[in-house]
Amino acid sequence: MKKTIIVAGAAGEGINTVERFIERILKKVGYEIFSYKNYMSRVRGGYNYSTIVISDKPILSIEDQADYFVALNQVAYANARLQLKEDGICLVEGDPSEEKENLIFDRSLLKEVSKSKNAFSMAAVGALLRVFGCEQEVLNDLNNSKWTDEVNASNMQAAVFGFEKTQPLFAPPENLKTRILMGGNQAVALGALSAGLSFYSAYPMAPSTGIMTYLASVEKEMHIIVEQAEDEIAGIMAAVGASSNGVRAMTGTSGGGFALKVETIGFAAVSETPIVIANVQRPGPATGLPTRTEQADLAFVATASQGEFSRIILAPLTVEDAFYTTFRAFNLADEYQVPVVILTDQLLADTTQSIPKFKTDDLKIERHLNTEITPDYKRYAFDQISGNRKYPGIDAETLIMTDSHVHDEYGAVTEEVEATLALKRKFLKRIEAIKKTLKKPLFYGDQAYETLFITWGSTYGALKDAVDELILKGEKVALLAFSDVFPLDKEVMDPYVSQAKCIINVEGNAMNQFGMILRMETGVMFDASINKYDGRPFSSAYIINEFEVINHGKH
Amino acid sequence: MKKTIIVAGAAGEGINTVERFIERILKKVGYEIFSYKNYMSRVRGGYNYSTIVISDKPILSIEDQADYFVALNQVAYANARLQLKEDGICLVEGDPSEEKENLIFDRSLLKEVSKSKNAFSMAAVGALLRVFGCEQEVLNDLNNSKWTDEVNASNMQAAVFGFEKTQPLFAPPENLKTRILMGGNQAVALGALSAGLSFYSAYPMAPSTGIMTYLASVEKEMHIIVEQAEDEIAGIMAAVGASSNGVRAMTGTSGGGFALKVETIGFAAVSETPIVIANVQRPGPATGLPTRTEQADLAFVATASQGEFSRIILAPLTVEDAFYTTFRAFNLADEYQVPVVILTDQLLADTTQSIPKFKTDDLKIERHLNTEITPDYKRYAFDQISGNRKYPGIDAETLIMTDSHVHDEYGAVTEEVEATLALKRKFLKRIEAIKKTLKKPLFYGDQAYETLFITWGSTYGALKDAVDELILKGEKVALLAFSDVFPLDKEVMDPYVSQAKCIINVEGNAMNQFGMILRMETGVMFDASINKYDGRPFSSAYIINEFEVINHGKH
Amino acid sequence: MVNINTTFEGEKNKSDNPFVTNNPTSWCPGCGNFSILDSINQTLHELDYKPQDVLMVSGIGQAAKLPHYIRAHGLNTLHGRAIPAAMGAQAANDTFKLFITSGDGDTYGEGGNHFMHNIRRNLDLVHIVHDNQVYGLTKGQGSPTTAMGQKTRLQFDGMRHDPLNPVALAISLGCGFVARSFSGDPKHLKEMIKAAMAYKGYALIDVMQPCVTFNHVNTFKWYKDRAFYIPETHDPTDKVRAFELAQTFGDAGIPMGILYREEKSTFMQRIPHIDRPLIAYPRKPSDIDGLIDQMV
Amino acid sequence: MVNINTTFEGEKNKSDNPFVTNNPTSWCPGCGNFSILDSINQTLHELDYKPQDVLMVSGIGQAAKLPHYIRAHGLNTLHGRAIPAAMGAQAANDTFKLFITSGDGDTYGEGGNHFMHNIRRNLDLVHIVHDNQVYGLTKGQGSPTTAMGQKTRLQFDGMRHDPLNPVALAISLGCGFVARSFSGDPKHLKEMIKAAMAYKGYALIDVMQPCVTFNHVNTFKWYKDRAFYIPETHDPTDKVRAFELAQTFGDAGIPMGILYREEKSTFMQRIPHIDRPLIAYPRKPSDIDGLIDQMV
Ligand SMILES: Cc1ncc(C[n+]2csc(CCOP(=O)(O)OP(=O)(O)O)c2C)c(N)n1
Ligand SMILES: Cc1ncc(C[n+]2csc(CCOP(=O)(O)OP(=O)(O)O)c2C)c(N)n1
Ligand code: SF4
Ligand code: SF4
Ligand SMILES: [Mg+2]
Ligand SMILES: [Mg+2]
């Protein structure tokens, strides 16, 4: 069972509230949830919608078309048919006199029942909860502590009205009641916190702001400092400054803000100061589409900043993975004393998903420090590929110089040929060491695959759902999903290429950035590609369709 | 005939003056000149030197070891033997009592002859000019209008003293007296001026500052505006602002400053505002080696800024090419309304070379504008790959919106799927059009080559000299030098690959950035590479040596 | 305070005002931005400007969308970067009446360095800062002008930075026209825009602009209750007095009007070798021949 | 002016001063930077600091090389970026005595935005600006403090921008300790450094520093002839008077000493939930379990 609800209306009309109530309660009664916000770059008005997929099995992507469509205004109602499946149902407020389809909530009746200005949306919530088999008592959860009792009471009346208007069609599965609802930005923030993040400084920028907002909301509880910087340059430089004094520090932004951090990334690299940077991608170039999604910053991030040095790019595959990958990012940054970029996107940021509780028992913070008093300590020893780090104050004696030039092993500026070569060779060796440490790609699908899909980051979700469906249809397909996208090990593709009759690269951009890097690093060419670059996320249906076009082309 | 002079000493001791006198006069009497400054990131003191190669045939690279070494101080003297050929001669000031080698200028005698504090260096100039067969009258040119008559007179006395100390060994060739002495930064500046540059705004940064300084020095004469910006972001944004109002505009910097310009490059791209940006590379990461050379920003520049768009990167091969390539840059920027990066480096910037006068007759400024009154003009027509540009005020009627978002054909912000796709597809088409327009690589060498060297930018100089020498040695070698390095046409390598038994990539970095892009774009792999990344430029001797190591490895 | 007009008073002559568009805005109903837009529209129309004479430059933010809502030339750049873009635009062609319309975050936050240094250049333009003391477009974080201790959608326990005093800052930088106005008083605002347009040089108008969605402290009423017109006795040419007056803000009252005025040469006047718009110089490749000949 | 000491007066007790290094500098002989370095060295030694207690932060420039010439912890960042690096460093561990030593271009030019906003944060540090009114390391371009009309190695016909008045600017931003000193008067300079170190909050010392190589206008003599000690009658707590005094510069005389002083809570004091150095909090993955449990 898998059903999709779309809640549509204008910014400020309460889409998020409806979404949150539905998600929270249906998760609580045992459903799996996967939802995504599709919204415009504005504060009020416009046309926004949230897509909520509800199932008894884990889901990793949204569907473009809904079974239930809640139309919060007339524009939404006009769109309903385009976004509904053929047998889908539209929930809408109306006058009995008007010709409306499907489930109409009589405006005057509603007014009688509830004084809430959100009467219709609350009624829709009630109606849907019953459809999914909830007992009436769950409506007690439709409380928002930020609202007055009066508002909560009239909301409840409307919900009851809606509840009574429908019949249960589905029964909640009996499994996963200890799951948590999690968004991608929040998962990154929690991953960082579990890794011991102490300092986060950033400048607001959609769709990354949620990381900072969540961290700020727990600033006191977690004894951390969250600082809104004056600009993105300050955001990263302050984080590097904090890290140079020993705490785990992070910054986050989207592509335009990342652009401003580029010089400091090189500083972190040459000064060997660990730093974690989240780039939550949105479509560019420049201001682009501030609230939409794309995976088009990979090539940029992989080579950003002058000169040559070692860095790591991690692109979480799912909301859950965003937590564990961010945790890993900090250990890797400390181990190799390099910048680590967490490359997510608006899709992941604005996805909410039911997932298992994070297990923190198995996680281990590894700082790779040298806390002993070490005579003649060399902060930048040329043979030190990982670990052995000291920062000011770590012991009572050692003086630390953090420097941005080519320097000697102590950090003193030098222009000598030997030091220049030694520094560069150290970075090259470090890259090789990192390649061996990073996680191998995730393989999923038919072991006897003929077609191998390649993907990275959040596109994994829709692709995995597509692979499941294709296998059901009898196709011999599998996927290879990279979370650790850079640097790539030369041999990473070796176990997979010989078997594949056709390699299809799937990514959310037009230029196949990952596919090209893979080709550059491993020589493996893809035979075809499936791309999306309209600012909207992949759905499994889209991938299946494109796959069929490719296959058709071949026959 | 080819002889090398090195003038060495501390910053502030007059290396540049000696170099300039020698170059200017030897060029005037008919020699070919090629010189390069090797200097530290400091204002006074340290160890700096200029290498001047003098020949009767054009030369394109320096030699590491000199025939004549002018030691301006004791540190330089101590280095002399390391930088001299076995039979090389060191010119040095000394007391007859001290044990000094080679050509010693007696300090007390010099003091008698001249009161100049630069007596020794002027004497060395005089001595060398005679060695190269100059008549004594050329010493009259040893005047600097910025100095007093008195200083010039005592300098002359010292020069005569030196002149009389030596004998002519070489005779000036009788050819190229109308050549001009030109530096790489100046050539870029002149290329821009010939293209009609009106506005240059930048922030000082070695080794790019010379472009701005030269332009500022002719600001009045050329009726242009040269503006020192408050930072690099302002530098490029002001240039884009100026260009959006119709004038040809440019900015320049080195890698660290380029990093700060990255966001605005995306703005120029999405707003389709032509802009030319010089990145005069120095070694990174971060502050790196401020006054040294490297070719390690190519990958960075090729993908800098979020999202996907069209851009052009041109890397002049020589000082002369820097002029013509910069001229082309402006026409290309206007034709395709894209950012064009001129990627040079400290080697080219601090090279001075005798070259033929630039021929401006054959050059044509092509603005690709639409100056007609056009009803319903679409600034961003989705099918407009090149040309048809209007800017505010170009006609009395058309209103122009220059915008940084995804926009419709008029520049109005939109989030529509159709416009998003149309914009992206336009950029993709533009890239294909650009690929067909760009200059093919320069082929040079033995038509029956077995080894094909591949290079780009300023490394061409040393490689060409190496190829000449290797051919003389009987090797079957040739080179392919790319000035137009990005985007690369898929087919560009086709005519060359089948014949080559061995492809050797030669570039001034450790990671073979160009070789990797070439591989990514064309699939052509190089078999071996010759790299230099110690901050110092290639010499032909270095390349030949590495070539022999590679060849040896194969046997 | 007097004369609080509705934010839509301009509507009456919209029909014959060539600057007015029918473009839907993406501003929230009730936002102070509407009245700023109307005031600009009306002033330009009253002064008989044509859309072709005007160039509106902005960065990114709610305020910065304004160039899309007016019929004129537009240059909508990046967050924080309106000012250098305007500098280049003016250098290229100084025949346009140049406006910057941008937010407090855009101007004083991300763009702070450009603000400082272009006042020093004395660009000739009218810079209207929609100062809602909040980041609107990114949904309610504190801006440089948000008061210390004020709670926001990000600063849950209140701001921890001293607020920036933009008018005192501008005076200290030598800005030659420093004024404050209020989106809730379009008559005054139009007056200020007119005075700023008449001034040759960098004319800053910091406009108090209620953000009805994200700033529930600095509301229309909050501004209205505190704002007062600067008394005629104030001598706007006295820099020290102006600085003193600029210290008054918040509960102590908010002075509205021209705080400081000083005549000085403008950006383009300081480049005397350019005697016409830069775009008007004819150029050809052989222009450099003279330079080359000097090098032989 | 009185008491112009040689720039090398500190040499005498170099041998037992743990801050003093034998590192060769890359400064020009006769440069004002030497005396600033000496004054810092001596002050720290006189106040009994240990190298391990001190963190010197800088950007890039001639002045910014200073951390390489002193025995202490160092953080030599990027051009213009010393201040945010210092902010992060202080957030992480506020037990060090924190200094920023950087040039006028670094601080007021490239780094201007950070200067503005970190004064608002009131970091607790001593910021020594080596103000030679020129870009030294890049060989002589005008800096934000170079006078209008002054010719440079880039501005062949003279500067076209009004010079920035750094002390007036700092006062307008609410900087709580604003002083000016002179590298040619190490006694005064040390006094200022001591006062700045004693002050809790952002302490700015703009130091007149002759650049013997590139600035032939603002020479040692030029400064010496114009500088005067601020009279005792000046009340440094009066912001308006301080602003007025700050207007005096150049031929009208250059006031040296503390122009403005105001006590206010510092950056870290404004974060009361952090009650020890951030680095001292123990952290483990399960710290988040409480947050997760709330989500079920
Ligand atoms: C480089 C960059 N950083 C951040 C953003 C995100 N951003 C857009 S508008 C804005 C702030 C808006 O505040 P303000 O300038 O006060 O304008 P308002 O929306 O309040 O009118 C921010 C941070 C961006 N677009 N670009
Ligand atoms: C991003 C960046 N831009 C420019 C430079 C080049 N640069 C180095 S120091 C400097 C200016 C130095 O002036 P100032 O800060 O006054 O220091 P001074 O050398 O005068 O002490 C500049 C422009 C750089 N290193 N990095
Ligand atoms: S968010 Fe605030 S400033 Fe932006 S449009 Fe809405 S009310 Fe106006
Ligand atoms: S260039 Fe000027 S500031 Fe730099 S060291 Fe030399 S004298 Fe000092
Ligand atoms: Mg605002
Ligand atoms: Mg300076």
Side-chain angles (χ1 to χ4, degrees), chain A residues 177-182 190 193-199 201 218-225 227 229-231 233-235 237-249 263-264 267 271 327 357-358 360-361 363-365 392-393 396-405 411-413, chain D residues 23 26 51-53 55 57 59-60 65 67-68 71-93 95-96 113-114 116-118 120-121 268 271-279 281-296:
Chain A
K177 304 215 176 175
T178 63
R179 299 216 139 195
I180 52 178
L181 270 182
M182 184 64 49
L190 282 163
L193 288 171
S194 68
L197 177 82
S198 297
F199 183 78
S201 56
V218 301
E219 199 185 18
K220 283 194 289 193
E221 198 170 341
M222 299 301 290
H223 300 292
I224 61 169
I225 296 180
E227 189 66 30
E230 56 271 22
D231 56 31
I233 304 173
M237 191 45 103
V240 172
S243 175
S244 79
N245 259 354
V247 303
R248 283 193 160 175
E263 192 191 9
T264 304
F267 171 59
S271 70
F327 180 88
K357 269 171 74 168
F358 298 130
T360 54
D361 318 345
L363 301 179
K364 197 160 166 288
I365 294 176
E397 289 188 6
T398 315
L399 294 176
I400 299 294
M401 183 70 200
T402 304
D403 176 65
S404 76
H405 305 78
V413 181
Chain D
N23 301 353
S26 67
Q52 288 79 358
D53 303 332
L55 176 56
V57 185
I60 292 293
K65 290 175 179 169
H68 286 284
R71 278 194 72 242
H73 297 301
L75 179 49
N76 182 356
T77 65
L78 297 173
H79 186 54
R81 311 304 166 201
I83 309 178
M87 187 259 274
Q90 183 151 82
N93 188 350
T95 59
F96 300 115
N113 207 34
H114 312 305
M116 267 171 55
H117 293 290
N118 283 288
R120 296 180 44 228
R121 280 192 183 92
M268 291 304 290
I271 313 179
H273 69 269
I274 301 298
D275 59 13
R276 69 198 89 161
L278 201 55
I279 182 84
Y281 283 93
R283 307 205 183 262
K284 54 187 190 312
S286 59
D287 290 350
I288 66 158
D289 289 354
L291 300 177
I292 304 286
D293 287 341
Q294 291 161 26
M295 291 174 185
V296 180

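We name chains A, B, ... by the order of the sequence lines, and we start the count at 1 in each one.
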A:D403-D:H68 side chain donor-acceptor pair, cut-off 3.5 Å: yes

Portion of D:K284 that has a non-hydrogen atom of chain A nearer than 4.5 angstrom: backbone

task: Please report the closest heavy-atom contact between D:P84 and A:A234, naming both atoms and the distance.
output: CB-CA, 3.7 Å

message: Please rank D:G74, D:S286, D:A92 by heavy-atom pairs under 4.5 Å with chain A and give me the top one.
response: D:G74

message: I'd like to know if the side chain of D:R283 pairs up with that of A:S198 as donor and acceptor (distance under 3.5 Å, no hydrogens or angles considered).
response: yes

message: If you compare all heavy atoms of A:A238 against all heavy atoms of D:M87, which two are closest, and at what distance to 0.1 Å?
response: CB-CE, 3.7 Å

- request: Counting only heavy atoms closer than 4.5 Å, note whether A:A249 contacts chain D via side chain, backbone, both or neither.
  value: neither

message: Which heavy atom of D:F96 sits nearest to which heavy atom of A:G393, and what is that distance?
response: CZ-N, 3.8 Å

query: Among A:G196, A:G411, A:P392, A:A412, who wins on heavy-atom pairs under 4.5 Å with chain D?
result: A:P392

- prompt: If you take all heavy atoms of A:I180 and D:V296, which pair is closest and at what distance?
  reply: CG2-CG2, 3.7 Å

message: Quick check on D:D287 against chain A: is it the side chain, the backbone, both or neither that has a heavy atom closer than 4.5 Å?
response: both

field: Student check: side-chain heavy atoms of A:I225 and D:M268 closer than 4.5 Å
entry: yes

query: With only heavy atoms counted, which part of A:E221 is less than 4.5 Å from chain D, the side chain, the backbone, both or neither?
result: side chain

- prompt: What's the shortest heavy-atom distance between D:L278 and A:V247, and which atoms?
  reply: C-CG1, 4.1 Å

field: Contact summary for A:S404 and D:T77, nearest pair of heavy atoms
entry: OG-O, 2.8 Å

message: Would you say that D:M295 contacts A:L190 through its side chain, given a criterion of any heavy-atom pair below 4.5 Å between the two side chains?
response: yes

- request: Kindly say whether A:H223 contributes a backbone atom to a donor-acceptor pair with the side chain of D:H273 at under 3.5 angstrom?
  value: no

message: Do the side chains of D:R121 and A:E227 get close enough for a salt bridge, i.e. N-O under 4.0 angstrom?
response: yes

- prompt: Based on non-hydrogen pairs under 4.5 Å, which of D:P277, D:A72, D:A89 is most in contact with chain A?
  reply: D:A89

- request: Could you check which of D:M116, D:H73, D:R71, D:Q294 has the highest count of heavy-atom pairs closer than 4.5 Å to chain A?
  value: D:H73

- line: Interface check, chain A: of D:I288, D:D289, D:N113, most non-hydrogen pairs under 4.5 Å belong to D:I288

task: Please determine, among A:D231, A:I400, A:L363, the option with the most heavy-atom pairs under 4.5 Å with chain D.
output: A:I400

field: chain D contacts, top residue of A:L181, A:V240, A:D361, A:V413 (heavy-atom pairs, under 4.5 Å)
entry: A:V413

task: Start with the C-alpha distance between D:Q90 and A:N245, add both sets of side-chain angles, then the distance that settles side-chain hydrogen bond (donor to acceptor under 3.5 Å, both in side chains), and finish with yes or no.
output: CA-CA 8 Å; D:Q90 183 151 82; A:N245 259 354; over 6 Å; no

query: Looking at D:L75, D:L78, D:N118, D:D275, which one has more heavy-atom pairs under 4.5 Å with chain A than the rest?
result: D:L78

- line: When rounded to the nearest 0.5 Å, the distance separating CG of A:L193 from CD1 of D:I292 is 9.5 Å

- prompt: With a 4.5 Å limit on heavy-atom distance, are the side chains of A:M222 and D:L291 in contact?
  reply: yes

field: Between CD1 on residue A:I233 and CD1 on residue D:I83, distance to nearest 0.5 Å
entry: 12.5 Å

query: From A:F199 CZ over to D:I279 CD1, what is the distance, rounded to the nearest 0.5 angstrom?
result: 13.0 Å

- prompt: Between A:I224, A:T398, A:T264, A:L197, which has the largest tally of heavy atom pairs under 4.5 Å with chain D?
  reply: A:I224

Qualifying residues under salt bridge (Lys or Arg N to Asp or Glu O under 4.0 Å), relative to D:D293, sequence neighbours excluded: A:K357

